[in-house]
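Numbers here simply count residues along the sequence, with the first being 1. Quick note: numbers below take in every heavy atom, side chains included, and nothing from hydrogens, waters or symmetry partners.
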Amino acid sequence: MNDGWDFYAARVDDQPASIFVDLGACREAPVDALPWMAYIRLQMNHPRPDGLSSSEEFDALASIEEALEKDLCGDALRYVGRNTSNGCRDFYFYTAVPEAWETQVSRVLSVFDGYRFEAGTREDADWSTYFNVLFPGPLERQTIANRPVCDALAQHGDRLVDAREIDHWIGFADPASADAYVQDVAALGFQVRETVRGGADGSEVFVRVWRRDVPSNQHIDPVTLALSEAASRHGGSYDGWECGVVA
């Protein structure tokens with residue numbers, strides 16, 4: 001796998017889901033040479049009560065994924081992601097040769113006793129499954145972006161339990177939109193730290209707002225999602241957050 005892979009939580013068919021996806025594939029997709037989507041639906045043997053994978057089954061599922069990627073992938077087949085939900089793990093690929101897909105999968109999985117699965121293909125030249133099922137939306141991409149910031153704080157000795165002032169940057173095309181946004185998020189307790197003009201003619205506006213919060217994933221995700229949704233309402237773009245380390 002390349003470095004572009006990441007995961008996020010979602011809901012699929014109103015069930016909790018964990019999606020692991022090659023984010024870098026979006027820069028190439030759709031690939032004309034790989035117009036067929038190929039899938040494997042694996043029934044997990046020891047799912048959690050919520051339908052997600054358990055620590056008890058982690059090693060077995062990792063071995064299955066490694067075997068599938070090693071034995072099947074190549075120039076004519078690309079692995080793009082998986083969805084774990086409702087007691088199943090669905091693996092998604094794109095291929096140039098859909099013939100004998102079920103036979104190839106059966107050969108790889110035959111060494112893993114006790115696992116039930118189904119496999120199939122369908123034509124998907126637009127890679128709609130990749131974009132509509134696996135690829136995260138704007139709000140999910142923000143939760144992915146929050147994770148390395150929290151990790152960096154932890155690496156500097158921050159236990160991520162103390163509230164402190166956290167700054168957030170949001171960009172707008174014009175001052176009126178920025179002013180409307182500031183009034184909107186003020187109701188959530190955010191205050192303006194600074195406003196900066198940008199763009200060739202100075203018409204763009206970048207607003208930095210702050211509020212005291214805890215910078216852990218559990219706490220920061222809903223904060224950034226609220227700010228991002230408010231930015232979208234006013235035609236703006238949320239551009240990330242920063243704070244000091246509390247060691």
Quick one: do the [X] and [Y] side chains pair a donor with an acceptor below 3.5 Å?
| X | Y | answer |
| --- | --- | --- |
| Asn146 | Thr143 | no |
| Asn132 | Ser128 | no |
| Glu65 | Tyr79 | yes |
| Arg48 | Ser55 | no |

Check ion pair Arg78-Asp22 (N to O, under 4.0 angstrom):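 Yes, charged N to carboxylate O under 4.0 Å.
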
Do the side chain of [X] and the main chain of [Y] share a donor and acceptor less than 3.5 angstrom apart?
| X | Y | result |
| --- | --- | --- |
| Thr95 | Ala76 | yes |
| Glu140 | Gly137 | yes |
| Asp158 | Val246 | yes |
| Arg164 | Gly244 | yes |
| Glu165 | Arg211 | no |
| Asp13 | Gln15 | no |

Membership question, hydrophobic clusters at under 4.5 Å side-chain separation (ILVMFWY): are [Y] and [X] in the same one?
| X | Y | result |
| --- | --- | --- |
| Trp241 | Leu160 | yes |
| Val111 | Leu42 | yes |
| Val196 | Val192 | no |
| Leu188 | Val209 | yes |

Identify the two heavy atoms, one from Ile40 and one from Phe93, that lie closest to each other, and give their separation to 0.1 Å.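 Between these two residues, the closest heavy atoms are CD1-CE1, 3.8 Å.
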
State, to 0.1 Å, how close Ala10 and Ile19 come at their nearest heavy-atom pair, and which atoms those are.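 Taking every non-hydrogen atom into account, CB-CD1, 4.2 Å.
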
Using the six-membered ring wherever Trp is involved, compare the ring planes of Trp127 and Tyr130 and label them parallel, tilted or perpendicular (cut-offs 30° and 60°).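 Trp127 and Tyr130: perpendicular rings.
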
Parallel, tilted or perpendicular, judged at 30° and 60°: which one describes the rings of His234 and Tyr181?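 His234 vs Tyr181 ring planes: perpendicular.
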
Applying side-chain hydrogen bond (donor to acceptor under 3.5 Å, both in side chains) to Arg159 and Ser216, what does each step give before you reach the verdict? CA-CA 9 Å; Arg159 296 191 302 129; Ser216 66; over 6 Å; no

Relative to Phe7, does Arg147 satisfy both conditions: NZ or CZ under 6.0 angstrom from the six-membered ring centre, and within 45 degrees of the ring's axis?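 Flagged: Arg147 positioned over aromatic ring of Phe7.
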
Looking only at the aromatic ring of each residue, does the gap between the centers of Phe206 and Trp169 stay below 6.0 angstrom?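 Aromatic pair excluded; centres sit 6.0 Å or further apart.
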
Is there side-chain contact between Tyr238 and Glu229, with at least one heavy-atom pair below 4.5 Å?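 Not touching, per the 4.5 Å side-chain cut-off.
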
Per the side-chain hydrogen bond (donor to acceptor under 3.5 Å, both in side chains) rule, what does the pair list look like for residues 29-40, sequence neighbours excluded?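 Listed by first then second residue: nothing to list.
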
